[in-house]
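This is a predicted model, so every value here is computed, not measured. Chain letters run A, B, ... following the sequence lines, proteins first, then strands; residues in each count from 1.
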Amino acid sequence: MATKHKGRAIGIDLGTTYSCVAAWEEQNGRAEIIVNDQGNRTTPSFVAFTDQRLIGDAAKNQAASNPSNTIFDAKRLIGRKYKDPAIECDLKLWPFKVVSGADDKPMIKVNYKGKEKCLAAEEISSMILSKMKEIAEAYLDFSLKNAVITVPAYFNDSQRKATKDAGVIAGLNVMRIINEPTAAALAYGLQKRANCSEKRNVFIFDLGGGTFDVSLVTIEDGVFEVKATAGDTHLGGEDFDNRMVRHFVQEFKRKNRVDISGDPRALRRLRNGCEKAKRILSHANDTTIEIDALFQGIDFRFSITRARFEDLNRDLFEKCMEISQNCLDDAKMEKREVHDVVLVGGSSRIPKVQSLLEKFFQRYNLCKSINPDEAVAYGAAIQAAMLSESYSIVPNMVLVDVTPLSLGIATHGDLMGVVIPRNTAIPVKMDGVFQTIEDHQPTASFPVYEGERTKAGENNLLGLFHLSGLPRVPRGHPMNVIFELDYDGILKVCAVDETTGNKNGITITNEKGRLSSAEIKRMIEEAAFFKEEDKKFKKMVKAKNALDDYIYRMEKAMKGFDVSSKLSPSEKETIMSKFRKGKRMLESEEHNEAAVFENYLKRLQKMCQPIVINKVRDYSDEDTD
Amino acid sequence: MASLYEVLGISMGASCHEIKAAYRKLARTCHPDVVAMNQKESSANMFMKIHSAYSTLSDPDKRAKYDRETYGHMVMMRSSSNMAASASYQSFCQQGRKWETDQCW
């Protein structure tokens with residue numbers, strides 16, 4: 001095995017609500033989930049802006065006090081248009097502002113240090129990715145570049161590419177974008193079926209915070225073959241929370257005759273309460289949500305039963321089963337042929353989901369033996385190790401994934417002419433013959449689409465190219481169109497006129513709405529700016545703390561022993577007034593430069609040191625003992 | 001051009017099980033993920049050939065059709081299915097999908 005990617009690599013599960021990072025541990029022969037600076041194994045996918053930038057736990061913790069500048073759900077926006085019907089409803093619920101930018105790209109408006117800033121979803125995601133990178137670097141004690149990032153299997157081309165861009169902005173070398181259920185299958189295969197050489201048909205049911213995916217994977221002899229995949233990129237725990245929030249807003253209105261739906265702070269607090277209640281309802285039959293002074297001083301106190309929760313989300317749960325059936329149909333497999341049903345994603349803990357799934361498969365042994373929150377990152381780390389040359393002991397496994405959406409060309413009458421059907425193994429090269437529709441047609445256009453709708457216009461347009469210089473012949477002149485999808489998911493389409501040898505093609509890389517390389521460059525610079533600001537802020541906090549600490553100790557020292565032998569009362573008063581000035585400086589928001597505090601501290605030290613150096617040292621030593 | 005059987009390195013009489021085993025063995029060595037960076041391109045081409053051979057031969061109907069088209073009556077003895085024989089002409093006609101493209105200008 002010669003040169004692959006150089007350097008160690010990590011796997012990142014970039015989730016809608018939570019993200020997780022893992023690294024392959026050669027000496028242990030397994031992947032390790034890396035805990036963040038708060039000691040948590042998953043990090044909220046939250047970014048907040050105040051006079052500083054917060055990412056992860058810190059951002060989520062202050063969400064209620066700063067709702068309009070706390071950004072979450074970036075994954076629901078990434079790679080989509082502002083007008084996308086899927087996010088129409090979300091736009092109304094989000095407490096932060098989203099506006100339509102160039103090419104109908106959604107832009108998030110935030111207030112950072114008193115200035116308004118417009119950020120793309122890619123930038124928010126990149127901030128989360130850079131946080132995950134930092135978490136991993138702190139743990140591994142190693143500077144990292146290479147990463148495998150996971151996306152929902154049912155993400156389309158622009159969503160995948162936007163995720164890859166986010167990785168680039170975060171300073172990562174994205175070795176591969178892999179599908180979440182596939183990653184989970186790798187984790188399952190390695191953790192639970194490592195010594196099993198016979199064939200297993202594994203059904204991965206991945207219901208996460210924002211997306212739902214199912215995949216049917218056949219594992220045999222270390223080859224992981226994805227047979228079919230299906231899903232919904234807008235179905236998950238967040239939607240269950242939304243339903244609960246909506247329910248309680250109505251209840252609250254009925255009981256107290258006030259409407260809280262216009263108050264982002266109240267909604268955020270209610271949402272946090274609902275998320276907690278949802279988790280409790282996975283093991284308890286009922287729970288009470290209590291929030292003091294939710295709105296206009298009115299306390300919120302409502303109980304909810306599990307049955308009510310299930311009722312609120314019934315249609316969503318049933319949708320999951322429908323999609324599962326579609327996946328089995330696509331794989332041409334019967335339910336009884338499935339050996340294991342593996343639960344992945346936090347929302348797969350919901351008892352109703354499990355019971356529906358048990359009923360669906362007519363079995364009572366769903367596999368819950370892998371950690372649903374961590375399996376995806378675990379699998380990504382395995383794949384990262386397999387793609388990197390830095391590891392000599394990696395599992396001898398190969399992953400053959402499929403394309404989740406059909407790829408084709410819009411033909412006459414806006415019909416979708418599928419060239420690569422969905423669930424085809426990649427890499428793949430396929431072709432189809434297309435004909436001209438008019439006599440003496442000089443040019444043919446080839447709009448490339450992905451999606452399952454019969455009407456091409458309703459699918460996702462990937463790109464367009466033309467083949468000109470066609471011979472002057474009657475209609476029906478054949479042209480061969482070749483689709484090539486490589487192992488990185490990059491699609492090349494090429495049309496050849498066999499009679500003349502004329503050729504033209506397109507590599508789908510930079511369609512509308514996607515970031516141009518100039519934009520990416522700007523965002524990388526911006527990311528560096530944010531990082532610099534974060535550093536400055538940290539430095540300032542440190543300087544402030546040092547000054548505060550010094551004043552506190554010196555004041556205590558001055559009070560604690562007699563300084564009259566060394567200081568005259570007026571000298572003492574001067575020093576004390578300097579301390580008071582220092583305290584005022586610390587309290588005011590006026591200064592935000594670390595240097596101001598550092599210089600002030602130095603001045604104070606200079607003033608005090610010659611007089612009380614020995615005494616204070618004695619005193620503070622005693623103090624700390 | 002190598003036959004699909006040659007691609008997988010198996011005999012024409014190989015059982016379904018042998019076909020799958022051969023494919024898995026090749027996948028583990030030829031998949032673009034497991035080879036060196038500079039060989040990715042050729043390995044991807046190789047893997048595509050292997051996979052397409054596998055997907056044809058592992059499907060009994062497609063395999064019978066392939067056998068007929070490639071080896072004619074010679075193999076009819078082996079896969080002596082009446083249904084397959086009657087479908088042979090039809091399948092020839094169905095080869096390749098044809099669509100009309102939209103005219104641009």
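The residue among Pro32(B), Ala21(B), Ser52(B) with the most heavy atom pairs within less than 4.5 Å of chain A is Pro32(B). The choice from Ala425(A), Ser468(A), Pro427(A) that makes the most heavy-atom pairs within less than 4.5 Å of chain B is Pro427(A). Counting heavy-atom pairs closer than 4.5 Å to chain B, the top residue among Lys429(A), Glu484(A), Glu225(A) is Glu225(A).
Two residues are said to be in side-chain contact when any heavy atoms from C-beta on lie closer than 4.5 Å; Val400(A) and Tyr23(B) meet this criterion. Annotation: side chain of His51(B) is not in contact with side chain of Val428(A) (no heavy-atom distance under 4.5 Å).
For Asn396(A), the parts lying under 4.5 angstrom from a heavy atom of chain B are both the backbone and the side chain. At a 4.5 Å heavy-atom cutoff, the contact between Ile426(A) and chain B is made by backbone atoms alone. Residue Lys25(B) does not touch chain A at all, counting heavy-atom pairs closer than 4.5 Å.
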Worked verdict on Glu220(A) versus Lys20(B) for salt bridge (charged side-chain N to carboxylate O under 4.0 Å, His left out)
CA-CA 10 Å; Glu220(A) 194 173 4; Lys20(B) 283 182 182 166; over 6 Å; no
The test is side-chain contact (heavy atoms from CB on, under 4.5 Å); show your working for Asp221(A) and Arg28(B) and say whether it passes.
CA-CA 9 Å; Asp221(A) 273 351; Arg28(B) 276 207 302 274; 3.4 Å; yes
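Asp33(B) pairs with exactly one of Arg176(A), Met175(A), Met386(A) by the side chain to side chain contact (heavy atoms under 4.5 Å, CB included) rule, that one being Arg176(A).
Here the closest heavy-atom approach between residue Val398(A) and residue Ala27(B) is recorded as CG2-O, 3.7 Å.
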